[in-house]
There are 2 protein chains.
Amino acid sequence: MSRTRGRPVQGNELTRADIITAALELMHESGEVGLTMRALSARLGVSPMALYRHVEDKAGLIRALSDHVYAAVLQDVPHQANAALMIRTMLSRYHDAVCKHPQLTLAIFANPQAFAGVTAQLTERLAKCLQQIAANPLLWRDVLVDHVHGSALALVSSQGDQAHAQAMRLQYQQALELLLESIVRGTVSDPKTLEGRAP
Amino acid sequence: MSRTRGRPVQGNELTRADIITAALELMHESGEVGLTMRALSARLGVSPMALYRHVEDKAGLIRALSDHVYAAVLQDVPHQANAALMIRTMLSRYHDAVCKHPQLTLAIFANPQAFAGVTAQLTERLAKCLQQIAANPLLWRDVLVDHVHGSALALVSSQGDQAHAQAMRLQYQQALELLLESIVRGTVSDPKTLEGRAP
DNA sequence: ACCTGAACACCGTTCAAGT
DNA sequence: ACCTGAACACCGTTCAAGT
């Protein structure tokens, strides 16, 4: 009988990938609070200190998790295309990633050192796209990104209710369409220069 | 020379109010992570266990903090008035409270047991107001609430930068106006019944 | 190179005891 | 009634040691 989780083959070396998958499982089961170095090492059948060979820190672990989870968000987004379409795909992917691991959002913001570069890149590209279709691109960018983060928090607080989570995903998609409509329909009411909340 | 923080008079009894103010100070200085029962008790010049006379738990402490911080949000909001105005005041107050203690948002969502009733009441009243002016009230409610929560997270990640924080507050107000414009201007594109994410 | 064990400075919380 | 002290089961992380 082989083990279905933890290190795939007993006696093999511990892998960064093993750590990441085990950590995500652990976070699903017991939340951000449950993700501890000690519990993670126990699940992998290894001493706590073995983790520090593959990950710098607990913050480093969370950074690794977000890099892994958000990897696909910006991949192969064409550079010269319909701006609304690009916004839709980037935000849908980001929202999908966030919904699969809502607790990770909490962990990232609770651990400022764990902040991954993906969010920064995402907001930058979003702003560029919005400049083509919106009167107030930076305002709308924050509205859109905050909506993703806010729905992650809502997802965390409705822990485990799968039907509810599914309903919320649908609702997000509809709200996104509503917002995109409003953006393209909108006109400037106050054209003075606005600063974003970037890096 | 009297102490300027901690218990107001030495020898006096420890008060729930003392605990709350000291806890908020502590959270400002060292974040959600820094708010520990032991550090809090040390600041108050008292044994850790003395806190448990006035607060059930650490979750109970955070619940007390949010009750205190959000107390003014729904106070004296008239029941029959301009709907857009009511939305503006409720959200502005909620955003103000959240901005004064952004780390508290993180603490509340990280501690599900600490969830206070104010948010539930707020979303309910928001939905009622939105029914009067919006085609998709529940969708817009989530967009508005998520924007508040999302900007709290953004505020946490830009730790301590006061000028930046001020700019973000301004930006929030402008985004809120933009959203209210969009709401009143909007028409239904898909009139099928939508469910909210409320309890 | 990769992992272990013991140790340190922390947590939240229980429980018995002091005044 | 209100607070203290010692103790328990946890944390993340350092450091020396094993193979």
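Values below: all heavy atoms of this structure, side chains included; hydrogens, waters and symmetry mates excluded. We name chains A, B, ... by the order of the sequence lines, and we start the count at 1 in each one. Everything numeric here is computed off the predicted structure, so don't read it as measured data.
Within a heavy-atom distance below 4.0 Å of DNA chain C, no residue of residues 104-112 of chain B is found.
Side-chain contact, B:Ser151 with B:His95: a donor N or O sits under 3.5 Å from an acceptor N or O. A:Tyr94 and A:His149 share a donor-acceptor pair across their side chains, judged by distance under 3.5 Å alone.
For the pair B:Glu32 CD and C:dC11 P, the computed distance is 14 Å after rounding to whole Å. The distance from atom CG of A:Leu44 to atom C1' of C:dT4 is 15 Å, rounded to the nearest whole Å. Per the geometry, CG belonging to B:Leu35 stands 17 Å off P belonging to C:dC10, to the nearest Å. Across the protein-nucleic acid pair, B:Ile19 atom CD1 and D:dC3 atom C1' stand 12 Å apart, rounded to whole Å.
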Practice prompt. Decide yes or no on side chain to side chain contact (heavy atoms under 4.5 Å, CB included) for A:Trp140 and B:Leu178, but give the supporting numbers first.
Written response: CA-CA 9 Å; A:Trp140 282 115; B:Leu178 206 59; 3.4 Å; yes
Worksheet item: Checking side chain to side chain contact (heavy atoms under 4.5 Å, CB included) for the pair B:Arg141/B:Leu144: CA distance, chi angles, key distance, verdict?
Response: CA-CA 5 Å; B:Arg141 180 200 60 184; B:Leu144 291 171; 5.8 Å; no
Worksheet item: Does the side chain to side chain contact (heavy atoms under 4.5 Å, CB included) test come out yes or no for B:Cys129 and B:Met90, once each step is laid out?
Response: CA-CA 11 Å; B:Cys129 290; B:Met90 285 193 287; 4.0 Å; yes
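Stem analysis of DNA chain C (Watson-Crick or G-U pairs, both distances under 3.5 Å, runs of at least three) returns C:4-8 with D:12-16, C:12-16 with D:4-8.
Between the side chain of A:Asn82 and the backbone N or O of A:Ala84 there is at least one donor-acceptor pair closer than 3.5 Å. B:His147 places no side-chain N or O within donor-acceptor distance of the main-chain N or O of A:His147, the cut-off being under 3.5 Å. For the pair B:Thr15 (side chain) and B:Ala17 (backbone), a donor-acceptor distance under 3.5 Å is absent. Between the side chain of A:Thr119 and the backbone N or O of A:Phe115 there is no donor-acceptor pair closer than 3.5 Å.
An OP1 or OP2 oxygen of C:dC3 is reached within less than 4.0 angstrom by a side-chain nitrogen or oxygen of A:His54. Within the structure, a side-chain polar atom (N or O) of A:Thr36 is placed less than 4.0 Å from OP1 or OP2 of D:dC11.
Salt-bridge check for A:Glu29 with A:Arg43: passed, with a basic side-chain N closer than 4.0 Å to an acidic carboxylate O. For A:Arg169 and A:Asp96, the salt-bridge test passes: some basic side-chain N is under 4.0 Å from an acidic carboxylate O.
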Set out, line by line, the N/O atom pairs under 3.5 Å between protein and nucleotides 13-19 of chain C.
from: C:dT13; atom 1: OP1; to: B:Asp57; atom 2: OD1; distance (Å): 2.6
from: C:dT13; atom 1: OP2; to: B:Tyr52; atom 2: OH; distance (Å): 2.7
from: C:dT13; atom 1: OP2; to: B:Lys58; atom 2: N; distance (Å): 3.3

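The listed nucleotides are C:dC11, D:dC2, C:dC3; the one nearest the side chain of B:Ala39 is C:dC11.
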